[in-house]
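The block underneath contains the structure these notes are about, expressed in C-alpha cells.
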Amino acid sequence: MLTKTQTAGKLSLLGVHQHLNAAMRACVNWAAIEEHDKILDMACGDGRILAHLNDQLRLTLCGMCDSSDQARAVSELLGGADVIPARMEDIPWRDNTFDEVLLSSPMKGDPQRVLAEALRVLRAGGQFVMASALLSPRSEGEMNRRELMRLMQEAGFREVSFRATGLFGAVIGWKKGNLEEKFCR
C-alpha cells in the first residue's frame, strides 16, 4: 500500500482549515489527493470539505447531499461544482469516475449497498476514505472501525486500513487495480 510519505513530491493536505470538524479532518488528513483528481464527497452537507479542497488544489469536485436547495447552494459556493441530491445507496455517476470518494458522516442506508456503490464509482487504484470515531460509535446503528473494515473487505476493497487523527480516524480502502497508476500519471 502506498502511504502519503511514499508519495514524494505530492502536496500534503495535513494542514487543514480549522472550520472542518474532527470527522472531516480525518478524511482530509488521510486522503491521497493530488492535482486534477476527481473527488466525490458522498455526504457533502454544506460543502466544507469540498470548499477546503478547492482552496488547496485544482480538482474536479462533486458532491451528494439531502436536498436540491442544499445542492444548489453548495454548487454556487464552489463555482459550479457538480453537487446533486442523491442517496448513498444510488450514486448517480458512471462506473470508474472518481479518484477518491470521501465520507465524513455516518452511512445512511444499507452499508453493503453504500460500499458497493462507492467501489463502483472509483477508478482502478482509487481510494475510499471514511471517517470513524476512535471510541465507541457515536450513535445507535453506527458501526465501529473493525466492522467497517470487515464490510469494506467483503465489498471488494483492497489494502483496507485504519489511520488515527485526533478523536477520529479514517478507514481507508483501495479499489483493486494498479495503485502505482494513482501516483505515476
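All values below come from the heavy atoms of this structure, side chains included, with hydrogens, waters and symmetry mates left out.
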Review point. Around atom CZ of R150, are there more than 12 heavy atoms of other residues, nucleotides or ligands at under 6.0 Å?
Key: yes

Check your understanding: Does a sphere of radius 6.0 Å around CD in Q112 hold more than 12 heavy atoms from other residues, nucleotides or ligands, not counting ones at 6.0 Å or beyond?
Key -> no

I'd like to check [X] versus [Y] (side-chain heavy atoms, cut-off strictly below 4.5 Å). Are they in contact?
X: D99; Y: E34; answer: no
X: Q127; Y: I33; answer: no
X: F128; Y: L119; answer: no
X: V28; Y: Q56; answer: no
X: L148; Y: M107; answer: yes
X: V74; Y: C65; answer: no

As an exercise, state the distance from [atom1] of [X] to [atom2] of [Y], rounded to the nearest 0.5 Å.
X: C27; Y: L53; atom1: SG; atom2: CG; answer: 10.0 Å
X: D37; Y: I39; atom1: CG; atom2: CD1; answer: 5.0 Å
X: I84; Y: M64; atom1: CD1; atom2: CE; answer: 7.0 Å
X: E100; Y: K38; atom1: CD; atom2: NZ; answer: 12.5 Å
X: R163; Y: N29; atom1: CZ; atom2: CG; answer: 12.5 Å
X: N54; Y: T60; atom1: CG; atom2: OG1; answer: 10.5 Å

Backbone of [Y] reached by a side-chain donor or acceptor of [X] within 3.5 Å:
X: R48; Y: L20; value: no
X: E147; Y: N144; value: yes
X: R158; Y: K175; value: no
X: S75; Y: A81; value: yes
X: Q70; Y: G45; value: yes

Looking only at heavy atoms, which two atoms of [X] and [Y] are closest? And how far apart?
X: M149; Y: V171; result: CG-CG1, 3.6 Å
X: F168; Y: A26; result: CB-CB, 3.9 Å
X: A164; Y: W30; result: O-NE1, 3.5 Å
X: A43; Y: L103; result: CB-CD1, 3.8 Å
X: G125; Y: W174; result: O-CE3, 3.3 Å
X: M152; Y: G173; result: CE-N, 3.4 Å

**Study point:** salt bridge (charged side-chain N to carboxylate O under 4.0 Å, His left out) partners for D110, two or more places apart
**Key:** none

Point to revise | Note: R113-E117 ion pair, threshold 4.0 Å (strictly below) | key: yes

